[in-house]
Amino acid sequence: MALLVLSWEVVVALGAEKDIKIGCLFPTTGRAGRYGLDAMEAAKMAAEEINNKGGVLGKKIELLFTDEKPDPTFCVRVAKRYILEDKVNFLMGVVSSAVGLAVTEVSKEHKVIFVGTSHATTKTSVENWHPYYFRIGANTITGMRSGALFAEKKPWKKYYYIGPDYEYGQVQWTDFWPFLKKLRPDVEGVGESWPKLYEPDYTPYITAIMRGNPDVLVSGLWGGDTVAFIKQAEPYGLFNKMDYFHPDVGGNYEVFEALGEKMPKGLIMGTHHHLNWPDTDLNKEYVKKFRDKVGHYPITIGANSYVGVYFITKAIEEAGSVDNVEALVKAMEGIKIRTPLDPPGYTSWMRPLTHDIMQWRAIGVTEPNDKYPPAKYMLGKWIVFPPEKIIPSDKEVMELRTKRK
Amino acid sequence: MDFSFIIVQVLSGLTMATVLFLVASGLTLIFGVVGLFNFAHGSFYMLGAYFAYQFISLMDINFWFGVCLAIVGTGVCGWVMEYFFLKRIYGRQEEGPYQILLTYSFILILDDLVKIIWGTDYKSISRPDIFMGTIPIGDWAIPSYYLFIIFLGMFIAGGIWFLLQRSNFGRIVRAISSDRTMVNALGINVNLFLTIVFAFATALGGLSGALAAPLRTVTPGAGIEIIIDSLIVVVIGGLGNFWGAWIAALIIGQVTAFGILLFPRWSILFIYIVMAGVLIIRPEGLLGEANKKG
């Protein structure tokens, strides 16, 4: 018994000196490797900045990283190991929606806060929501609703959709089409294409789309798939025959980087974080710091993990504690934080109902711009959408939650 | 459906089939002659694409010369893999599990190697200048580079056939494929031939990667993505059967091209349905020999 008391005291004493541990999961191998590596670098950058200023509550931030793969079963094991063996205070990251849905259950079970930074599925913050989950990043609803609001003002009548045949590709279309139909009952869907994720050859899809002769092609591809599609569609002249509209993640920097001069002009694209929007010091500083540190420009999800670390720090400061989870949740629910994604005069805030961070979306058009090499094109001519116009209403959220029960 | 569009769609399917065939032919050749299922074969396709990127985009070498260098580079990597690693497991008891372990580990090694050398961002290279244009077909325009790939694929298929069926080299290779011990007993250096066939087959993978690089995304992990489709082609055609791979690739290309048109919601299912159908009716594959002893 004496021994037990002694060891308890040792733990408490050590606890005062202990770092704040954040257990991160990002994909670092395979096709999504660039996503994970940029997210890692951005998180490290934020932690270094905070630690150089003396940390938070006198403690340093320590980040732990594991490859997400992406494999839900594996990541559940890692998340449990983080919690039980590494004694992390927070979980952070996850790019794949399937992994996000699995890890959020671990967070719920162990009451350890999970700051999701990059998975897009709306379910984690609506249907499968629980108090210990927070999202610093966008979900498909905001991306696709900003797209629908953009499309409402366009003369487009005939729509064609192409998206990868899995959760993310399907959810984009169901978030977009019924919402647009309400705004514009006159629009008409003339076809859909559902290639597999990572399809290397889109040629037969491209000719099928051109035969459908739509006014606009809505795309839900991402990353390398966007690159392959644009490369293969360009020689067929697809972009001269119809508008190309890719609201959720078409405007990811890695696409501009890979295509260089081969990026067609006039494609309409959006993404969550843009290197050149908003034109604020905070955004310019973030982009420049990342570029100086890592050697290339950050892709869109880097900003999420950068903000994620600052978000956690701010919550600890406001709660005055690392260990009181309920106080942390309460602090997080009320947080207002200036981020590189905020236009002048706006401050991001956490929506208590869904634990989604409230941020703007911007949609632009590709135009020549060599300020961010090796890209030769970037987006411009912005149309921007404030969060209150593109989030699901309280009523919609409650309906979705009851439907699940 | 107007006629010119049907031709366009057939050509789309043919382009897809050609790249698939070039990868699958190497895979099936290695299986037929060396008796090894090379899971890492797709990684040589990826290497070919990265070599092409290195030579053509970074070092600014002429496209055609760059492709040749990519073929040689991939072949050398294949030679190294066979000579220093695979040779050690031939003829061992339970060679099968060793093959899977070793070739699979090469997927991971090559993926990481590519990431260390070239980074994780997506790469791309331009089509060669003479194939920048398009060729009109009715109201449609087909990129000439696609037609070039189709013709080159046919030429290579013919070339390999000639090599295997009509040359002395081919005679020995075919003999090794049916009875390795006997050929060895006749005083032929079988080990050398196995290495050559393996290097040649991986070079074919490199060629397909280099040719596809101007059209596709060059990224780590590309090898795993193509190996599944190639595996389907090889299984449908009959393991180790060269012409089987060609026919299977053509079928897969056309089924995909027209499946997309007729049942867009189920387009990715068709090739699996074809595979399941073939396996039920002819488990040994279209041109495979039943109960062949390797």
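The analysis underlying the following values was restricted to heavy atoms, covering all of them including side chains, and did not include hydrogens, waters or symmetry mates. Convention: sequence-line order gives letters A, B, ...; per-chain numbering from 1.
For the set P143(B), P264(B), G221(B), the count of heavy-atom pairs under 4.5 angstrom toward chain A peaks at P143(B). Contacts with chain A were tallied for L215(B), I226(B), V19(B); L215(B) has the most, counting heavy-atom pairs under 4.5 Å. Counting heavy-atom pairs closer than 4.5 Å to chain A, the top-ranked of the candidates A257(B), S124(B), G13(B) is S124(B). Most heavy-atom pairs under 4.5 Å with chain A, from the set G119(B), P220(B), A222(B): that is P220(B).
Here the side chains of E225(B) and R31(A) are in contact, with some heavy-atom distance below 4.5 Å. Within the 4.5 Å cutoff, side-chain heavy atoms of I142(B) are placed close to those of Y236(A). With contacts defined as side-chain heavy-atom distances shorter than 4.5 Å, the pair K196(A)/S267(B) does not qualify. Counting only heavy atoms from C-beta outward, the side chains of D201(A) and R216(B) approach each other to under 4.5 Å. A heavy-atom distance below 4.5 Å is not found between the side chains of Q232(A) and T15(B).
Proximity of a side-chain donor or acceptor of T217(B) to a complementary backbone N or O of V227(A) within less than 3.5 Å is not detected. One N or O on the side chain of Q9(B) and one on the backbone of P204(A) form a donor-acceptor pair closer than 3.5 Å.
With a threshold of 4.5 angstrom between heavy atoms, E261(A) does not approach chain B through any atom at all. Of the two parts of Y145(B), neither the backbone nor the side chain holds a non-hydrogen atom closer than 4.5 Å to a non-hydrogen atom of chain A. Residue W266(B): no heavy atom, backbone or side chain, is found under 4.5 Å from chain A.
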Open item on the list: One pair to check against salt bridge (Lys or Arg N to Asp or Glu O under 4.0 Å): R211(A) and D139(B). What are the steps and the verdict?
Closed with: CA-CA 11 Å; R211(A) 183 164 168 270; D139(B) 302 335; over 6 Å; no
- [ ] Evaluate the side-chain hydrogen bond (donor to acceptor under 3.5 Å, both in side chains) criterion for residues S126(B) and K262(A): first the C-alpha distance (whole Å), next the side-chain angles of each, then the deciding distance (0.1 Å), finally the verdict.
- [x] CA-CA 8 Å; S126(B) 292; K262(A) 287 181 289 267; 3.3 Å; yes
- [ ] Test salt bridge (Lys or Arg N to Asp or Glu O under 4.0 Å) on E257(A) and K123(B) and set out the steps.
- [x] CA-CA 8 Å; E257(A) 187 185 61; K123(B) 309 291 186 197; over 6 Å; no
